[in-house]
Novice: 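Handing you this structure, nothing more for now.
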Amino acid sequence: MDFKFEYFLNAIHYNIYLEEVWSNKKTNKMVNGLFAVIFKIPFIGKYRKKYDGQKTKELFDFYYGKKVGLSISVAHHLFGYFYSCYPAFLSFVLLGIPDGMFGGVNLIVAMAVIALPIGLCYIPTYRAVFSKDRYLKYFKQFEKEDEQWHKKWKRITWVFCIGSVVFAIGGIFAMWGVSLLFRE
């Protein structure tokens, strides 16, 4: 596995995780603020001790755990979705060929043509990031990096994510163009 490819993907995954932790903390802060107001209502305030008692390490691990937790789970999925948009461009272009030649394709063929390039391209990504929880080793390394590194990779992550959406939308337009070329 190419180290630069692996490092790049893990840095993207790490920054998506950090953004997910940030958004979960903001959401929890809003929910806790709402509950603080609700607990001021008579007859409901007696439940405050029970609610405050839930702020434990288990709850912290549930939200922010790096191996198993809400933030890392969502980060895994978002990373997969964003990465898959790049090979989706090729999938859409390939789908445009039979669509143009035959005037359309059935759902099974369309799903196969879309899934095959995405699945094949996801294999090296899975090995680089998720195989044997490799991302945890990189997370430890990235946590030691300075603020400049974090700013740089945060920008790169945003470009990666926006670029993936642009590629997916561009793939749909390319599919339409390829389809029109094969109809004539």
Novice: Hey, what do you get for OG (Ser71) to CG (Leu78), rounding to the nearest 0.5 Å?
Specialist: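 Ser71 atom OG to Leu78 atom CG measures 10.5 Å (nearest 0.5 Å).
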Novice: Give the cluster check for Ile162 versus Leu18: same hydrophobic cluster or not, with ILVMFWY residues linked at side-chain heavy-atom distances below 4.5 Å.
Specialist: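 No; tracing contacts between hydrophobic side chains, which count when under 4.5 Å, never links both residues.
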Novice: With a 4.5 Å cut-off on side-chain heavy atoms, are Val113 and Val105 touching?
Specialist: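 Result no, sub-4.5 Å side-chain heavy-atom pair not found.
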Novice: How are the rings of Phe79 and Tyr83 set relative to one another: parallel (under 30°), tilted (30 to 60°) or perpendicular (over 60°)?
Specialist: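 Geometry flag for Tyr83 against Phe79: parallel rings.
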Novice: Work out which heavy atom in Asn10 is nearest to a heavy atom in Ala128; give both atom names and the distance.
Specialist: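 Heavy atoms only, the tightest pair is ND2-O, 3.0 Å.
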Novice: Rounded to the nearest 0.5 Å, what separates atom CG in Leu116 from atom CG in Leu120?
Specialist: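 The CG atom of Leu116 sits 4.5 Å away from the CG atom of Leu120.
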Novice: Could you tell me whether the side chain of Cys121 reaches within less than 4.5 Å of the side chain of Tyr86, counting heavy atoms only?
Specialist: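 No; the side chains remain at least 4.5 Å from each other.
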Novice: Would you call the rings of Phe8 and Phe160 parallel, tilted or perpendicular, taking 30° and 60° as the class edges?
Specialist: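 Rings of Phe8 and Phe160: perpendicular, as their planes differ by over 60°.
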Novice: Does a salt bridge link Glu19 with Lys154, judged by any charged N lying under 4.0 Å from a carboxylate O?
Specialist: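 A salt bridge links Glu19 with Lys154.
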Novice: Just wondering, more than 12 heavy atoms not from Tyr7 lying within 6.0 Å of its OH?
Specialist: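 Atom OH in Tyr7 is packed in, count exceeds 12.
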Novice: Do Trp158 and Val74 belong to the same hydrophobic cluster, where Ile, Leu, Val, Met, Phe, Trp and Tyr are linked whenever their side-chain heavy atoms lie under 4.5 Å apart, directly or via other members?
Specialist: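 No, Trp158 does not connect to Val74 through the hydrophobic network.
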Novice: For a ring-ring contact (aromatic ring centres under 6.0 Å, His included) with His13, tell me which candidate from Phe82, Tyr126, Phe130 qualifies.
Specialist: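 Result: among Phe82, Tyr126, Phe130, Phe130 is the only option passing the ring-ring contact (aromatic ring centres under 6.0 Å, His included) with His13.
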Novice: Count I, L, V, M, F, W, Y as connected when their side-chain heavy atoms are under 4.5 Å apart, and connections chain through other members. Are Phe3 and Tyr135 then in the same cluster?
Specialist: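 Both belong to a single hydrophobic cluster.
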Novice: Please report the shortest heavy-atom distance between Ser131 and Arg127, naming the atom on each side.
Specialist: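 Heavy atoms of Ser131 and Arg127 come nearest at CB-O, 3.5 Å.
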Novice: Rounded to the nearest 0.5 Å, what's the gap from CZ on Arg134 to CG on Leu9? Could you check?
Specialist: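 Separation between the atoms: 11.0 Å.
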Novice: Could you report the tightest heavy-atom contact between Cys85 and Ser164, atom names first, then the distance?
Specialist: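 So the minimum-distance heavy-atom pair works out to CB-O, 3.1 Å.
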Novice: State yes or no: are the ring centers of Trp149 and Phe142 separated by less than 6.0 Å?
Specialist: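 Between Phe142 and Trp149, which both carry aromatic rings, the centre distance is below 6.0 Å.
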Novice: Less than 4.5 Å apart, any side-chain heavy atom of Lys66 and any of Leu136?
Specialist: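 Yes. Closest side-chain heavy atoms under 4.5 Å.
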Novice: Using 30° and 60° as the class boundaries, would you call the ring planes of His150 and Tyr14 parallel, tilted or perpendicular?
Specialist: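 Correct class here is tilted.
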Novice: Does Asp99 come within less than 4.0 Å of Arg183, counting only side-chain N to carboxylate O?
Specialist: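 A salt bridge is present here (some side-chain N lies under 4.0 Å from a carboxylate O).
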Novice: Is the closest side-chain donor-acceptor distance between Tyr138 and Glu6 under 3.5 Å?
Specialist: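 The criterion, which ignores hydrogens and geometry beyond distance, is satisfied for Glu6 and Tyr138.
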Novice: Is any side-chain heavy atom of Ile16 closer than 4.5 Å to a side-chain heavy atom of Glu20?
Specialist: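 No, side chains not in contact.
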Novice: Using every non-hydrogen atom in the two residues, find where Pro124 and Phe5 come nearest and quote the distance to one decimal.
Specialist: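 Smallest heavy-atom distance, with atoms named: O-CE2, 4.0 Å.
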Novice: Is it true that Phe62 and Trp22 fall in one hydrophobic cluster, defined by side-chain heavy atoms closer than 4.5 Å?
Specialist: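 As far as the 4.5 Å side-chain criterion goes, Trp22 and Phe62 are not connected within one cluster.
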Novice: How about Ile72 and Lys67: do any of their side-chain heavy atoms sit closer than 4.5 Å?
Specialist: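 Counting from C-beta outward, Ile72 and Lys67 never come under 4.5 Å.
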Novice: Consider only side-chain heavy atoms of I, L, V, M, F, W and Y, link residues closer than 4.5 Å, and tell whether Phe92 and Ile169 are in one cluster.
Specialist: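 Result: yes, single cluster for both.
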Novice: Side chain to side chain contact (heavy atoms under 4.5 Å, CB included) with Met175: which of Leu94, Leu95, Val93, Leu180?
Specialist: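 The side chain to side chain contact (heavy atoms under 4.5 Å, CB included) with Met175 is passed solely by Leu95 among Leu94, Leu95, Val93, Leu180.
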Novice: Can a cation-pi geometry be assigned to Lys25 and Tyr64, taking NZ or CZ under 6.0 Å from the six-membered ring centre and within 45° of the ring axis?
Specialist: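 The answer is yes; both the distance and angle limits are met.
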Novice: Supply the atom-to-atom distance Ile118 CD1 to Ser91 OG, rounded to the nearest 0.5 angstrom.
Specialist: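 OG of Ser91 is found 4.0 Å from CD1 of Ile118.
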Novice: With a 6.0 Å cut-off on the ring centroids, do Tyr17 and His76 count as close?
Specialist: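 Not close enough - the centres of the two rings lie 6.0 Å or further apart.
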Novice: Which pair of heavy atoms, one from Thr157 and one from Ala11, lies closest together, and at what distance?
Specialist: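 It is OG1-O, 4.2 Å.
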